[in-house]
S.K.: 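Can you keep this structure in mind? I'll have questions shortly.
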Amino acid sequence: MENYRLLTEDEIIILENNGCTAEDWTAVNVAEDFQPNHVRNTSFYGEINLGVFEKNVEITKGFIKHTGINRATLRDVTIGDNCLIENVGCYINNYTIGDDCYIANVSVIETTEGATYGEGNLISVLNEAGDGNAIIFGNLNSQFAAFMVKHFTDKNIKDEIRRLINEDIERNMPERGIIGNNVKIIGTKEITNTVVNDNCEINGASRLSDCSILNGPNDSVYIGTGVICENSIICNGSSIINSVKIQDCFVGEACHIANGFTASQSVFFANSYMSNGEACAAFCGPFSASHHKSSLLIGGQFSFYNAGSNTNFSNHAYKMGPIHYGTLERGTKTASGSYVLMPAKIGAFSVCMGKLMHHPDTRDVPFSYLISYNDDMYLVPGRNITTVGLYRDIKKWPKRDKRLSGSQKSIVNFDWLSPFTVGEILRGKKILENLKAASGDLQSKYNYHEYVINASSLNKGIKYYDIALRLYMGAVLKRAKKHNYFAKPTTETGKGNWIDLSGLLLPESEEAKLISDIKNGTLKTIQAVIDRFVEIDENYRKYQWAWTYQMILDYYNLTEITEEDAQRIREDYIKARRTWIGEIRKDAEKEYAMGDVEEEVFHDFINKLDHEIDYEDMA
């Protein structure tokens with residue numbers, strides 16, 4: 001805390017000669033080395049604390065001005081050292097401002113009674129007309145949010161979560177609005193009841209009300225022209241620009257929201273990209289994207305997902321081209337198996353979604369296409385396993401993580417084949433085999449619930465699923481041998497079903513344990529719950545090995561895995577991997593033959609496939 005003193009008579013005279021006035025000069029306190037000549041045309045009300053103004057500040061590249069205060073009205077304000085505050089249209093009221101800040105051409109910055117800074121706001125996601133099921137607060141991450149939404153109907157767990165969050169908020173709630181160190185706020189009309197952390201920039205925003213703008217160790221937030229942000233929290237590394245309007249939202253780290261996008265009662269996590277469209281009651285997990293004006297994300301839970309536009313539910317058709325951004329890889333709340341919807345005609349989007357909402361059994365055939373043809377819905381099982389699009393997705397997601405090390409709050413597991421997805425593949429393969437056994441080999445078509453599966457598609461689906469299974473087993477076994485845990489697992493944890501908590505892959509048993517430990521008070525703080533998520537993620541390989549070891553025993557009908565068995569699994573892995581790459585090559589050649597891909601792009605992609613053999617002996 002700065003040591004302040006009263007103004008001297010000479011300093012008061014200088015200030016008055018500079019056009020300054022005060023309700024009570026004895027309520028104006030200054031730093032020991034304060035010099036009054038850099039404060040002009042300023043009115044002081046209430047208790048004022050001023051630092052020193054002895055440095056220059058860079059307004060923009062190459063434009064330097066001396067720090068100080070000019071043309072401002074301040075009431076109950078503390079200002080740190082070496083700030084430049086000028087052209088405040090109305091006033092700054094009841095705020096603490098840090099060191100080295102530049103605040104110019106603003107209208108109002110104010111804290112009013114009852115300010116919450118967006119913390120503790122109860123919103124309703126997944127059901128825009130339902131009861132609140134998610135509480136937003138500064139320490140929220142995608143795992144905690146997914147867990148909260150999933151279990152908020154359990155009164156006991158809901159009450160405990162609310163208590164833990166309220167305690168966390170109370171520990172961190174400031175007495176009044178705070179603007180941190182090295183903050184730039186220019187051309188902004190209104191900032192009320194808002195915390196702005198160090199190094200953040202607000203440039204041309206229209207209104208920020210009841211918000212927290214948070215930063216990380218080395219990454220900050222940028223809020224740009226025309227933005228209106230109310231009752232929301234914006235996390236480190238994110239940018240909100242170009243007339244975005246968000247209300248009652250949480251924006252996680254390294255998100256980009258731009259170009260008139262509007263959102264209410266929604267959450268966005270880890271590298272989500274939103275532009276032009278709209279979101280309402282949406283749960284947008286890591287790497288969710290929406291680019292188009294016609295996109296409305298409403299009442300769904302997404303991750304590793306591109307909304308596409310209009311009837312194009314996923315932009316997965318963009319394969320080798322550089323404009324492809326993403327696909328539905330991990331899934332949505334209504335279709336959490338890893339597959340892609342490819343509507344074949346205008347109007348198919350609503351049909352596909354209707355089917356999925358009322359028949360979630362489609363998730364049992366993952367990595368598949370749903371194609372509408374007249375009044376029939378055709379299911380193409382496992383087709384996406386061997387596409388160029390999936391291959392590119394596997395490579396690109398880790399590269400597109402813009403979060404800086406040390407500020408990654410949300411956990412993201414990038415394994416495309418994991419106990420979670422492979423469990424779905426096992427069930428899908430079993431369904432296809434049972435259909436074939438029940439109806440015989442001579443059928444031209446098979447019916448699965450309300451979907452039609454051509455015989456050729458069914459047989460290829462079994463083949464593709466088997467390729468994926470062998471890819472997975474070989475890769476996990478290879479890693480186990482490389483990292484010296486190739487032996488019978490030492491834990492039972494992981495052997496049952498697995499789930500995906502918005503980026504965190506974990507055994508269902510660990511979620512059950514987490515629920516129990518919250519209810520019985522073992523986990524006493526929000527940080528303890530978040531640390532548990534981290535601990536589960538750190539044990540992912542151990543839990544994965546327990547699950548995979550049992551899977552290998554079942555698949556190969558073994559009682560234990562010997563070195564001889566391991567060699568056989570490795571050979572199956574290499575064979576499956578080369579078949580997989582060969583199928584992807586066929587998909588690329590087919591796309592190139594259609595004339596949609598430039599020759600240079602095609603040959604670059606084929607060159608990458610040719611080098612896949614280099615990775616066969618790597619974990």
Side-chain angles (χ1 to χ4, degrees), residues 287 289 303-308 312-332 335 337-344 348 352 362-363 365-371 378-400 414-418 421-422 424-425 428-429 432 453-454 456-472 475 576-598 601-612 615:
F287 295 97
S303 65
F304 290 87
Y305 170 79
N306 185 358
N312 179 11
F313 190 57
S314 169
N315 275 357
H316 197 77
Y318 296 121
K319 296 178 179 179
M320 283 182 283
I323 59 174
H324 177 65
Y325 184 87
T327 183
L328 179 60
E329 182 176 318
R330 284 275 258 277
T332 70
S338 298
Y339 58 84
V340 178
L341 298 180
M342 291 296 292
C352 288
T362 52
R363 65 171 292 185
V365 278
F367 294 95
S368 300
Y369 287 164
L370 274 177
I371 302 173
Y378 282 81
L379 184 63
V380 187
R383 176 65 184 92
N384 193 47
I385 288 173
T386 57
T387 60
V388 170
L390 179 69
Y391 177 84
R392 291 186 68 251
D393 286 349
I394 294 167
K395 303 290 185 181
K396 78 187 178 187
W397 292 122
K399 297 177 183 177
R400 291 190 173 180
F414 291 102
D415 280 5
W416 78 282
L417 291 175
S418 68
T421 52
V422 173
E424 298 290 343
I425 289 172
K429 182 169 179 279
L432 299 184
I453 306 175
N454 287 327
S456 60
S457 296
L458 184 139
N459 290 323
K460 286 181 181 178
I462 294 173
K463 172 188 172 182
Y464 295 152
Y465 286 151
D466 202 56
I467 287 172
L469 296 177
R470 295 185 182 212
L471 285 174
Y472 173 74
R577 201 170 193 279
R578 292 179 181 179
T579 302
W580 180 56
I581 295 301
E583 292 289 334
I584 293 171
R585 180 189 291 270
K586 290 179 186 177
D587 194 47
E589 291 170 346
K590 181 180 179 180
E591 185 182 358
Y592 178 63
M594 294 170 63
D596 296 332
V597 180
E598 295 179 2
V601 173
F602 171 70
H603 287 301
D604 179 64
F605 184 79
I606 294 299
N607 183 59
K608 291 178 181 177
L609 292 181
D610 289 340
H611 285 283
E612 279 293 326
Y615 302 106

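Small disclaimer: the values here were computed from a predicted structure and weren't measured.
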S.K.: Whether Glu583 and Lys586 form a salt bridge (side-chain N of Lys/Arg under 4.0 Å from carboxylate O of Asp/Glu) is what I want to check.
M.R.: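 Between Glu583 and Lys586 there is a salt bridge, with a charged N closer than 4.0 Å to a carboxylate O.
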
S.K.: Evaluate the side-chain proximity of Tyr369 to Asn384: yes if any heavy-atom separation is below 4.5 Å, no if none is.
M.R.: yes

S.K.: So which heavy atom on Leu417 is nearest to which on Ile425, and how close?
M.R.: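 Closest approach of Leu417 to Ile425: CD2-CD1, 3.8 Å.
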
S.K.: Is it true that Asp587 and Arg383 have a side-chain N and a carboxylate O under 4.0 angstrom from each other?
M.R.: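 Result for this pair is yes, salt bridge flagged.
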
S.K.: Mind listing the closest non-hydrogen atom pair of Ile385 and Trp580 along with its distance?
M.R.: O-NE1, 2.8 Å

S.K.: Please say whether more than 12 non-hydrogen atoms of neighbouring residues, nucleotides or ligands are located less than 6.0 Å from NZ in Lys395.
M.R.: yes

S.K.: What is the minimum heavy-atom distance between Val380 and Ser457, and which atoms define it?
M.R.: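 Minimum heavy-atom separation between Val380 and Ser457: CG1-OG, 4.1 Å.
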
S.K.: Can you sort out the partners of Lys460 under side chain to side chain donor-acceptor pair (under 3.5 Å), two or more places apart, ordered by chain and number?
M.R.: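 For Lys460, no residue satisfies side chain to side chain donor-acceptor pair (under 3.5 Å) once neighbours in sequence are set aside.
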
S.K.: Between atom CD1 of Ile371 and atom OH of Tyr378, what is the distance when rounded to the nearest 0.5 Å?
M.R.: 10.5 Å

S.K.: I need the Asp466 CG to Lys429 NZ distance, nearest 0.5 Å.
M.R.: 5.0 Å

S.K.: What distance separates Phe287 CZ from Trp397 CH2, expressed to the nearest 0.5 Å?
M.R.: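 Phe287 CZ to Trp397 CH2: 6.5 Å, rounded to 0.5 Å.
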
S.K.: Is there a donor-acceptor pair closer than 3.5 Å between any side-chain N or O of Thr421 and the backbone N or O of Trp416?
M.R.: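 Yes, the answer is positive, given that a donor and an acceptor are paired below the 3.5 Å cut-off.
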
S.K.: Quick one: do Asp393 and Lys396 make a salt bridge, cutoff under 4.0 Å?
M.R.: yes

S.K.: What residues, two or more places apart in sequence or in another chain, satisfy side-chain contact (heavy atoms from CB on, under 4.5 Å) together with Lys608?
M.R.: Tyr391, Asp604

S.K.: Find the distance between CZ (Arg392) and CZ (Phe605) and round it off to the nearest 0.5 Å.
M.R.: 7.5 Å

S.K.: Does a salt bridge link Asp610 with Arg585, judged by any charged N lying under 4.0 Å from a carboxylate O?
M.R.: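 Yes, Asp610 and Arg585 are salt-bridged.
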
S.K.: Ala576 and Arg470: which non-hydrogen atoms are nearest, and at how many Å?
M.R.: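 Result for this residue pair: CB-CB, 3.8 Å.
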
S.K.: Which pair of heavy atoms, one from Tyr465 and one from Ser368, lies closest together, and at what distance?
M.R.: OH-OG, 3.5 Å

S.K.: Check whether any side-chain heavy atom of Ile584 sits under 4.5 Å from a side-chain heavy atom of Thr387, and report yes or no.
M.R.: no

S.K.: Mind checking side-chain contact (heavy atoms from CB on, under 4.5 Å) for Asn459 and listing every partner two or more places apart, or none if nothing turns up?
M.R.: Lys436

S.K.: Heavy atoms, side chains only, cut-off 4.5 Å: are Ile462 and Leu458 in contact?
M.R.: yes

S.K.: In terms of relative ring orientation, are Phe304 and Phe414 parallel, tilted or perpendicular, with 30° and 60° separating the classes?
M.R.: perpendicular

S.K.: For Arg577, what residues pass the salt bridge (charged side-chain N to carboxylate O under 4.0 Å, His left out) criterion, not counting sequence neighbours?
M.R.: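 Checked Arg577 against salt bridge (charged side-chain N to carboxylate O under 4.0 Å, His left out); matches are Glu612.
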
